[in-house]
Amino acid sequence: MNKSGVLVIEDEAAIRKLLEIALQSSGYNCFLAATGREGKILAAAQQPDLVLLDLGLPDEDGQSLLQSLREWYTKPVIIVSARSSEAEIIQALDHGANDYLTKPFRTGELLARIRSAIRQTTTEPADPMKNFGNLTIDLATRTVKKNKEIIKLTSTEYALLALFVKNEGRVLTHAFILREVWGPGYVEHTEYPRVFVGQLRKKIEDDPNRPKLILTESGVGYRFTEG
Ligand code: CA
């Protein structure tokens, strides 16, 4: 089996080392870059399956590096940064980051996020049937079942659920959800996702007050998980 390659772009030597050890002991090929410039060169040369990107780099801000990577690099990028402001996180996600972890991070959680991001990109096309616990979504026939019973969704609720399912594991910002489900003219209507996520949770979650499928990422958006 081919090892997945992970590129780490991080200027702090101690964190680079920590990530290298964690990644290698989990069976990944690890590429290390200490500057934005090295990162761009290694990304192009090694074609990693995933990039871990720090935002505070000595030669280039991680946000602009992310934008230039996204000109051609379509695989997952996870931000690992000390910057924890909502604005910074939202900007990174809108620039195409798949996920965001703030430092200090737990290695176990980071590895879980990496696995989920890589799995999503490698298992995507084959099957229109998606199973999440007792919930089944057939993207081909637009049928949603919970415990084998068909659930009736409005077209907007279905569009929102389908968007979540197609982006499993990924944090979706309010602005992204509004653009994709309602259209570019609706980006200011930040109450829409909250209202419709509430409706969806009542229909698909076992306990809508303790959601396990559609998780709230406070101040940022939502993440759909396996539950
Ligand atoms: Ca740094």
Side-chain angles (χ1 to χ4, degrees), residues 3-122 167-176 215-223 225:
K3 280 185 174 186
S4 297
V6 176
L7 168 62
V8 175
I9 308 176
E10 164 67 66
D11 62 326
E12 241 176 281
I15 297 180
R16 232 170 27 243
K17 190 73 202 165
L18 174 81
L19 290 171
E20 182 185 23
I21 292 167
L23 289 165
Q24 285 180 344
S25 64
S26 299
Y28 295 102
N29 266 330
C30 189
F31 312 107
L32 299 173
T35 63
R37 189 170 172 277
E38 277 177 33
K40 282 195 265 197
I41 292 169
L42 277 177
Q46 302 293 345
Q47 302 279 326
D49 298 286
L50 182 139
V51 173
L52 293 180
L53 176 63
D54 180 25
L55 292 181
L57 295 168
D59 56 338
E60 181 175 1
D61 189 78
Q63 295 275 11
S64 77
L65 176 57
L66 174 61
Q67 281 179 291
S68 59
L69 264 184
R70 276 294 179 239
E71 299 282 326
W72 64 272
Y73 184 76
T74 55
K75 290 181 174 174
V77 176
I78 298 180
I79 305 293
V80 182
S81 174
R83 297 183 200 165
S84 59
S85 82
E86 282 170 11
E88 195 83 46
I89 295 171
I90 288 169
Q91 194 185 16
L93 295 169
D94 279 342
H95 287 163
N98 295 61
D99 208 341
Y100 196 109
L101 252 85
T102 51
K103 293 174 185 166
F105 55 86
R106 286 177 300 145
T107 309
E109 174 159 27
L110 177 65
L111 290 169
R113 302 272 187 99
I114 291 172
R115 273 196 304 277
S116 154
I118 290 179
R119 190 181 57 225
Q120 205 204 331
T121 50
T122 50
N167 292 282
E168 186 205 336
R170 182 169 178 174
V171 181
L172 306 183
T173 65
H174 299 123
F176 178 83
L215 306 183
T216 300
E217 295 284 326
S218 188
V220 175
Y222 299 95
R223 178 204 303 273
T225 75

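Note that ligands are numbered from 1 as they come in the structure, with each ligand's atoms numbered from 1 the same way. Heads up: numbering here begins at 1 and tracks the sequence.
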Hey, is there an N, O or S on Glu10 sitting under 3.0 Å from the Ca ion (ligand 1)?
no
Indicate if the distance from the Ca ion (ligand 1) to the nearest N, O or S atom of Leu57 falls below 3.0 Å.
no
For Tyr73, is there any backbone N or O sitting under 3.5 Å from a side-chain donor or acceptor partner on Arg70?
yes
Can you tell me how far the CG atom of Asp54 sits from the OG1 atom of Thr35, to the nearest 0.5 Å?
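Going from CG on Asp54 over to OG1 on Thr35, the span is 11.5 Å.
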Flag if over 12 foreign heavy atoms under 6.0 Å of CZ, Arg37
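For Arg37, atom CZ is not crowded (no more than 12 foreign heavy atoms under 6.0 Å).
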Looking at Lys103, I'd like to know if its NZ atom is crowded, meaning that more than 12 non-hydrogen atoms belonging to other residues, nucleotides or ligands lie closer than 6.0 Å.
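Yes, the 6.0 Å shell around NZ holds more than 12 heavy atoms from other groups.
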Taking the Ca ion (ligand 1) as the reference point, name the nearest N/O/S atom of Asp11.
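Checking each N, O and S atom of Asp11, the shortest distance to the Ca ion (ligand 1) belongs to OD1.
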To 10 degrees, how wide is the angle OD2 (Asp54) to the Ca ion (ligand 1) to O (Gly56)?
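Rounded to 10°, it measures 80°.
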